[in-house]
Amino acid sequence: MSDTDSGRASLGKKLCFAKDRMTLLLLLYNVFMAKEKSVYVCQACGGESSRWEGRCSVCGEWNSLVEETRQNSKFQNPNSKNKKVIPVNLNQVKSFTNSRISSGIGEVDRVLGGGFVPGQVVLLAGEPGIGKSTLLLQIASKMASVLYIAGEESPEQIKVRAERLGINQNAISILQETSVDEVILNLKPLATEQILNLIIVDSIQTLTTEDLTGTAGSIGQVRECAFRLSEYAKANHVPMILVGHVTKEGAIAGPKVLEHLVDTVLYMEGDGNHLFRILRTTKNRFGPVSEVGVFSMGDGGLCEVANPSDLFLSERLKNVPGSAVTIVMEGSRPMALEVQALTSKTSFGFPKRTTSGFSLNRLNLLCAVLSKRAGINLWDQDVFVNVAGGVTISEPSADLAVCLAIASCIKNIALDPKTAVFGEVGLSGEIRKVSRIPDRIKEARKMGFGRMVNGEGFRSLSEAVTKTLVKNDQ
Ligand code: TYD
Ligand code: MG
């Protein structure tokens, strides 16, 4: 063999070796580096860790590490294509007022502030079984061209519900998929080919992305999937509803972690034992907050309740001691509710206080005010308070009704059945005025209550007790 030949052979060997080393290096890079798509970030201090730890090694905070995406992600933010960013004069910005898309259900439009806005992301939160999927299917049937992304139920299960509801199924398309990246890939051609009026994601806790290792429903997955979907909705100007489950214990990866990501948060509330459901807005970038929609759940799904006061007072017994009707404001809407109280002699040394639909702390405070300022002794009485219909009152305007219901039960004198009571009770036993009194009085009159007991006619709790609970009134 000549010198040139042996030189060529050794060069060939060297190249082979180099090629092998390159493959090996590439392999090692793929194994150790390329897979590092996610990192665990402490939500308290921002410290990073490559794996999940119960306690942040930087700040020492417990349970604060949440998985987030790193480089190498396949996901491309549709809004970040090195666009030139130019400021726009506010006068030239398009107004949303004329571009609202009606949901076809009056109570839903009311809580949204007039309908959906293009690109709006709505989070619909509620306990499992409360009726979220039912409401969404009813909304879908009223709108033209809706895509229902079903992560929880099969198309057949949705079909059974649609048949039970007897709704128009023509405009509803079902996409059964739990990978958010697949969903977005499948959505892209849809957005260009046809006009989608609404996208429903039921539920966000079932979706996952391969870029994170956490399981479906973990904080990291829920947050990342919601972010990717909302980017899509915003880029394509399609309204989107994300369903989020809340559990009684308050799930860690529940809707709370999404509230800052979405434009509107709707909570569906209600008691499984009662038929009514309340849809409440707690955040709305495009409309009023604290607005409520009232529904009743029946065999044909959710029906709108135009006059909630009628529903909540329908089973009231008149001339019964321990009952008072109050008018609370739910958003811009006044509602008449019945507060019931029962007192009974304490069998053990320590008197018990129990409430349903009213704050226990507030009840303890009102019992103390009643004893000290109105001469109603409750030290040897168990007190039970219930808001009829399973509603929860969060307004202080119900204080006076709670106090009068308790006093009425202790004295065994019923309030005049045509009396409506509202007012906040202070620690000195004074009755404070509450907001929107004219609206409350109007609602009370509409429901047939001619006598108002509130901060305008009565200065103190003791005056209200002595003047409204008179034996001759019966
Ligand atoms: P669903 O919408 O599946 O609840 P979520 O999506 O919030 O988990 O509602 C389930 C409940 O609603 C179930 O208990 C049955 C009841 N329901 C009715 O009472 N009437 C109906 O017409 C429908 C469709 C459901
Ligand atoms: Mg459901």
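Reckoned from all heavy atoms, side chains included, excluding hydrogens, waters and symmetry mates. Just follow the structure's listing: the first ligand is 1, and inside any ligand the first atom is 1. Numbers for residues simply follow the sequence, beginning at 1. In this text, all values refer to a predicted model and were calculated from it rather than measured experimentally.
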- Task: Give yes or no for whether the N/O distance cutoff of 3.5 Å, strictly under, is met between Ser133 and ligand 1.
- Result: yes

- Query: For ligand 1, which atoms sit closer than 4.0 Å to a heavy atom of Asp299?
  - Reply: 21 (C), 22 (O)

- Query: What do you reckon, does Gly126 put a non-hydrogen atom under 4.0 Å from ligand 1?
  - Reply: no

- Task: Give the numbers and elements of all ligand 1 atoms closer than 4.0 Å to a heavy atom of Thr134.
- Result: 1 (P), 2 (O), 9 (O), 24 (C), 25 (C)

- Message: Please report whether ligand 1 has a polar contact with Gly129, defined as an N or O pair separated by less than 3.5 Å (distance criterion only).
- Response: yes

- Note on the structure: Numbered in order shown, the ligand 1 atoms found under 4.0 Å of a heavy atom of Pro128 are 8 (O)

- Taking atom CD1 of Ile406 and atom OG1 of Thr343, what is their separation to the nearest 0.5 Å? 8.5 Å

- Which atom of Glu153 lies closest to which atom of Gln176, heavy atoms considered: O-NE2, 3.7 Å

- Message: For the CD atom of Glu291 and the CG atom of Leu266, what is their distance to the nearest 0.5 Å?
- Response: 11.5 Å

- Applying a strict 4.0 Å limit to heavy atoms, is Gly298 in contact with ligand 1? yes

- Subset of ligand 1 atoms that lie under 4.0 Å from at least one heavy atom of Gly300: 22 (O)

- Message: Does Asp109 form a salt bridge (charged side-chain N to carboxylate O under 4.0 Å, His left out) with Lys142? I'd like the steps, not just the answer.
- Response: CA-CA 12 Å; Asp109 282 352; Lys142 298 269 166 69; over 6 Å; no

- Task: Specify the protein heavy atom at minimum distance from atom 4 (O) of ligand 1: its residue, its atom name, and the distance to 0.1 Å.
- Result: Gly131 N, 3.1 Å

- Between Arg164 and ligand 1, which part of the residue brings a heavy atom under 4.0 Å of the ligand: side chain, backbone, both or neither? side chain

- Item | Residue pair Gln169 / Glu163: nearest heavy atoms and the distance that separates them | NE2-CG, 3.9 Å

- Give me the one residue out of Glu127, Gln205, Lys132 that meets side-chain hydrogen bond (donor to acceptor under 3.5 Å, both in side chains) with His245. Lys132

- Query: Within the stated cut-off of 2.8 Å, is an N/O/S atom of Ser133 closer than that to the Mg ion (ligand 2)?
  - Reply: yes

- Task: Please report the shortest heavy-atom distance between Arg51 and Ser49, naming the atom on each side.
- Result: O-OG, 2.6 Å

- Message: Between ligand 1 and His245, is the shortest N or O to N or O distance under 3.5 Å?
- Response: no

- Message: Using the side-chain contact (heavy atoms from CB on, under 4.5 Å) definition, which of the options Ile200, Val108, Val146 pairs with Ile139?
- Response: Val108

- Approximate separation, where rounding is to 0.5 Å, of Thr208 OG1 and Glu182 CD: 10.5 Å

- Query: For atom 3 (O) of ligand 1, what's the nearest protein heavy atom and its distance?
  - Reply: Arg161 NH2, 2.9 Å

- Report the distance from atom OH of Tyr267 to atom CD1 of Ile278, rounding to the nearest 0.5 Å. 15.5 Å

- Message: I need the contact type for Met297 against ligand 1. Using non-hydrogen atoms and a strict under-4.0 Å cut-off, is it side chain, backbone, both or neither?
- Response: side chain

- Message: Does ligand 1 come near enough to Gly301 that some N or O of the ligand is less than 3.5 Å from an N or O of the residue?
- Response: yes

- Just jot down the ligand 1 atoms closer than 4.0 angstrom to any heavy atom of Leu165, in number order. 22 (O), 24 (C)

